[in-house]
Amino acid sequence: MNKKLVSAVLCGTMILGSVSPVFAGTADGMKIALVAKSAGNAFFEIAADAFEETVTAEGGTVEKVYPEAATADAQIKALDNLISQDFDAICISANDVNALQAKLEEAMDEGIKVSCFDSAPNKDSRQVFVNQAGTVAVGQALMDAVLDIAGGEGQWAILSATSQAANQNAWIDAMKKIMEEDEKYSKLELVEVAYGDDEPQKSTDQTAALLEKYPDLKVICAPTTVGIAAAAKYLQDNESACKLTGLGLPSEMIEYTGADDAHSCPYFYLWDMVGLGNLSAYSTIALISGDITGALDETFTAGDMGEYTITEADDGGTEIVLGLPLQFNSDNIEEMAKLY
Ligand code: RAM
C-alpha cells in the first residue's frame, strides 16, 4: 500500500472510530466458567457476582457453577461437563488439594486455562491462584484472636469445613505451626478439629458435640463462613460461656458480633470479598490473553485495581495475593454487613 493510501485508510479508521466508538474490553469474546466449592454458600455467590461483573464489563461471559456438595467428586462431575464445551478458562475454588489434578490437567491439555481462587489445588493442577490473604497472615490473625479471646490460656477447638478442604487445612496447619513455635501460645490447648462440611446443620451439630465433650471449652475458631455462622447462633441461643472467632461474612454475623456477654463472637476476620471476585476475574483474563502464565515475578494490571505481581506460594507454586485479612467487630460490622 502506498503512503497516501495508508494515511487515507488510517484517517478513515480514526474518523469512523470517533463517530461510532467500538468498546474493546480486555475480555472481548472470552468464555469463562467459575466453579464454586458448593451450592447454598453465600460466600461463593458474592465472589461469583463480583467475578462476573468484571468479566462482563470487559466484554466476556461467565458460567457460574455451584456443585451440589463441597466434595471433589461433585467438582469432577462439573469439570467433566465443562471440559466438553469450548471454555477459554475455568476458575475454581478446590474442594481437595490433590483429587482434582487429573481432571484439571485434562482441561489444560484441552487448551483450557486453569485459574483458581480461595482454595488452591496443588501446584501442578493450576496455572494461577488468587489467594485472598496470605495463608500465614490468616493463621496468625486467627491464632492471636484465639489467644486474646481465651485470655491467654485454656481449651479451644477448631470447627472447620470439610476434612479435605485445601484452604481450611492450609490455615489450620499455619495456626498449629504458629502455636508450636511461640511460647506465648503454650498455655492454649487445641482439643479437637471438628468438621461441619460447610453445611449449616452439620456445623451446628458439631458445635453442640464440642460443648458437650469439653465443658471447659473457652473458644471455638471456625475458619469457614458457614461454620462460624452456625456456631455463632448455637452459642448465642444457648448463652454459652464459650466464645467464637474465625472467618465469616459480616452480613451473616451481624447479630452475633459484640464484645459483651450478649454476643457469641467478639470479633472475626475475612477479606475484601468483592475484591476477591474482581481480582480473580482480572487474573483469569490476563491468563487467557497471555499477559501472564502464572510464573514467579510476572506482573500485570488488574483494571482499576492496579498492578499485581505473582509471588511464591507456601505450597511451592505461585500465587497472587489480594491483601490482608480484615477484622470485623462491633465498630465496623454494621457498615461492612451492607457490603457482603
Ligand atoms: C467458606 C468456604 C470458603 C472459605 C470461607 C472462609 O465459605 O469454605 O472456601 O474461604 O468459608
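Note that ligands are numbered from 1 as they come in the structure, with each ligand's atoms numbered from 1 the same way. Numbers here simply count residues along the sequence, with the first being 1.
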Please tabulate, line by line, the atom pairs linking an N/O of ligand 1 to a protein N/O at a distance below 3.5 Å, with the distance in Å to 0.1, or answer 'none'.
from     : atom 1 : to     : atom 2 : distance (Å)
ligand 1 : 7 (O)  : Asn41  : ND2    : 2.9
ligand 1 : 7 (O)  : Thr225 : OG1    : 2.5
ligand 1 : 8 (O)  : Lys37  : NZ     : 2.9
ligand 1 : 8 (O)  : Gln168 : NE2    : 2.9
ligand 1 : 8 (O)  : Asp198 : OD2    : 2.7
ligand 1 : 9 (O)  : Lys37  : NZ     : 2.8
ligand 1 : 9 (O)  : Asp118 : OD1    : 3.4
ligand 1 : 9 (O)  : Asp118 : OD2    : 2.6
ligand 1 : 9 (O)  : Asn167 : ND2    : 2.9
ligand 1 : 10 (O) : Asp118 : OD1    : 2.6
ligand 1 : 10 (O) : Asn167 : ND2    : 3.2
ligand 1 : 11 (O) : Thr225 : N      : 2.9
ligand 1 : 11 (O) : Thr225 : OG1    : 3.4

_Among Tyr256, Tyr267, Phe268, exactly one meets ring-ring contact (aromatic ring centres under 6.0 Å, His included) together with Phe328. Which residue is that?_
Phe268
*So Trp271 and Trp171, would you call those rings parallel, tilted or perpendicular, with 30° and 60° as cut-offs?*
tilted
_Can you tell whether the side chains of Glu180 and Lys176 come within less than 4.0 Å, N to carboxylate O?_
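Salt bridge: no.
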*Just one of Leu142, Leu190, Ile158 clears the side-chain contact (heavy atoms from CB on, under 4.5 Å) bar with Ile172, so which one?*
Ile158
_Between Asp144 and Gln140, a side-chain donor and acceptor under 3.5 Å_ =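 Note: Asp144 and Gln140 side chains meet the donor-acceptor criterion.
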*Side-chain donor-acceptor pair present, Asp118, Gln132, cut-off under 3.5 Å*: yes
